[in-house]
Amino acid sequence: MNTLIKLHDKYFKPYIKEEKILAAIEKMAQEIAEDYKDETPLFVGVLNGAFMFVSDFLKAYQHPCEVSFVRLSSYQGLTSTGIVETLLDVPEEMEGKSVIILEDVVDTGRTLKQLVHLFSNTNVKEFKIGTLFYKSDVYNGEYAIDYVGLEIPDDFIVGYGLDYNELGRNLREVYQLNQTDMINLVLFGKPGAGKGTQAGFLKEKYNLKHISTGDVFRYNIKNGTELGKLAKSYIDKGDLVPDEVTIDMLKDEVEKNPEAAGFIFDGFPRTAAQAEALDNFLESKDMKVNATIALEAEDDILVQRLLERGKSSGRSDDQDESKIRNRFDEYNEKTAPLKAYYEKQGKFHSVNGIGGIDEITGRLSKVIDSL
Ligand code: AMP
């Protein structure tokens, strides 16, 4: 974990080592030298990303050559915008020259199209394309790529000239977006099943941010906020708070923690609409629910636990058996169907919620460690 770097709101992990990059460049320089060492080719670097590559390439290419740059831009954030702007045009004097484009990365091929277009109006002798990184899986194949440093899968990369919203260009090696290390868990279970207690242990153990929608509502009630006033009447009766309110609140809580290595959602989602909203919201942030783990226990045991908790917690919804039973009814009617929703995604796990606290943490950890 300590090798992760953070650029803006995202974490990146080491991906391609400097030595490997330099070895690939060395090999490429040799290949190009085989073809061009008896001429004086014009190397045209594509800015901004290729500056570091061009620099190391030229150190490896010790034969007569000229160097120039064009500047194009197509990325914004993590995705290619599809609009390629020409910010710095081709060199003027190119007649009869052998031009070799040096690109940092070729992915869809949109930038290449623009480059070919730029050079098609010139009277160069020859026009070749070399790229340090090549995403063959997504390349549209419109033009031949003549020289390739390293073929890579279609992952978002930064470093060695490449950026994420302008950061990361000066990194000596290449990093990849760290998506897999994020764990987002949904703790599922009836009131009193031990979700809050277990989340308290799991968040320490796995370095996760715990979001309990019940806790957020209670905090707002205590502080007399508008949200608290709105939620109170529902909570007091043991009814669910309306989806729109709860979903917006949950999103806010996630947004407040851009640095989290993952989340434990405790008490959310509780309805089909919430589950769908959560999936859509996480997807928009390149995140996902990794697992839903249900803590199972019988109603009678839960009622006893909650009444016991009500004596010290002061929670009005824990002190009255009819309110507790109403919360179970809400659960059975609105929340229990989510089991099928997550089963369909292959993400539903069930754990026996009866036993010692440590024992139950152990059962949950076993599921998490197997993800
Ligand atoms: P909890 O602490 O999770 O038992 O939640 C206490 C109460 O807060 C519930 O009985 C609901 O009234 C309300 N609440 C908590 N989470 C949600 C949710 N996801 N959707 C609707 N209401 C919720």
Side-chain angles (χ1 to χ4, degrees), residues 184-203 208-256 263-282 289 292-297 299 301-339 341-342 353 364:
N184 298 306
L185 302 173
V186 172
L187 270 191
F188 208 66
K190 286 185 180 166
K195 299 188 296 292
T197 307
Q198 290 301 332
F201 292 110
L202 297 177
K203 74 169 187 193
L208 304 174
K209 171 79 191 158
H210 173 204
I211 299 180
S212 154
T213 39
D215 284 350
V216 180
F217 282 132
R218 282 185 289 277
Y219 176 86
N220 278 279
I221 293 172
K222 203 171 124 211
N223 290 288
T225 67
E226 283 308 309
L227 178 66
K229 282 179 207 154
L230 186 89
K232 191 171 182 335
S233 58
Y234 297 97
I235 294 182
D236 279 347
K237 284 186 273 179
D239 290 343
L240 292 186
V241 178
D243 280 339
E244 318 83 77
V245 179
T246 313
I247 291 168
D248 283 349
M249 182 183 86
L250 188 277
K251 288 183 184 172
D252 277 355
E253 291 299 309
V254 172
E255 303 281 7
K256 275 188 213 161
F263 293 89
I264 304 178
F265 299 108
D266 157 12
F268 189 98
R270 263 173 153 106
T271 64
Q274 290 180 15
E276 278 161 31
L278 181 64
D279 274 353
N280 292 336
F281 174 61
L282 292 182
V289 169
T292 300
I293 317 180
L295 282 167
E296 310 277 8
D299 285 8
I301 296 178
L302 296 177
V303 172
Q304 289 317 313
R305 276 193 197 169
L306 288 172
L307 288 172
E308 201 49 46
R309 182 170 81 182
K311 287 181 193 162
S312 53
S313 73
R315 281 179 57 170
S316 62
D317 58 347
D318 281 351
Q319 291 169 11
D320 177 328
E321 185 163 342
S322 69
K323 286 184 188 171
I324 292 174
R325 297 272 175 199
N326 184 43
R327 284 155 72 197
F328 289 177
D329 290 345
E330 287 277 75
Y331 181 91
N332 290 332
E333 188 190 326
K334 296 173 181 159
T335 312
L338 295 187
K339 181 177 173 192
Y341 179 87
Y342 286 111
L364 290 163

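Both counts, for ligands and for their atoms, begin at 1 and track the order of listing.
- Just one of T335, D279, T246, L250 meets the side chain to side chain contact (heavy atoms under 4.5 Å, CB included) condition when paired with Q274; it is T246.
- Residues R325 and V303 are in side-chain contact: their nearest non-hydrogen atoms beyond the backbone lie under 4.5 Å apart.
- The residue K190 has no part lying near ligand 1, judged by heavy-atom distances below 4.0 Å.
- In D239, the part holding a heavy atom less than 4.0 Å from any atom of ligand 1 is the backbone.
- Within the 4.5 Å cutoff, the side chain of Y219 has no heavy atoms near those of the S212 side chain.
- Contacts between I235 and ligand 1, counted as non-hydrogen atom pairs separated by less than 4.0 Å, involve both the backbone and the side chain.
- Distances between N or O atoms of G267 and those of ligand 1 include at least one value under 3.5 Å.
- Some N or O of T213 is nearer than 3.5 Å to an N or O of ligand 1, by distance alone.
- Under a 4.0 Å criterion applied to the non-hydrogen atoms of F217, ligand 1 contributes the atoms 8 (O), 13 (C), 14 (N), 15 (C), 23 (C).
- Using modelled atom types, no side-chain atom of K190 and backbone atom of A297 make a donor-acceptor pair closer than 3.5 Å.
- Under 4.0 Å from ligand 1, the heavy atoms of Q274 that appear belong solely to its side chain.
- For atom 22 (N) of ligand 1, the nearest non-hydrogen atom of the protein is V241 N, 3.0 Å.
- Not a single heavy atom of K195 sits closer than 4.0 Å to an atom of ligand 1.
- Taking distance alone, with nitrogen or oxygen atoms compared against 3.5 Å, R270 approaches ligand 1 more closely than that limit.
- Heavy atoms of other residues, nucleotides or ligands lying less than 6.0 angstrom from NZ of K334 number more than 12.
- Listed here is the closest heavy atom pair of P269 and V186: CD-CG1, 3.7 Å.
- Taking OG1 of T292 as the reference point, atom CZ of F265 lies at 10.5 Å (rounded to 0.5 Å).
- Near R315, meaning under 4.0 Å from one of its heavy atoms, ligand 1 places the atoms 1 (P), 2 (O), 4 (O), 6 (C).
- Atom CZ of R315 is separated from atom CG of D320 by 13.5 Å, given to the nearest 0.5 angstrom.
- Close to ligand 1: R218, with a non-hydrogen atom less than 4.0 angstrom away.
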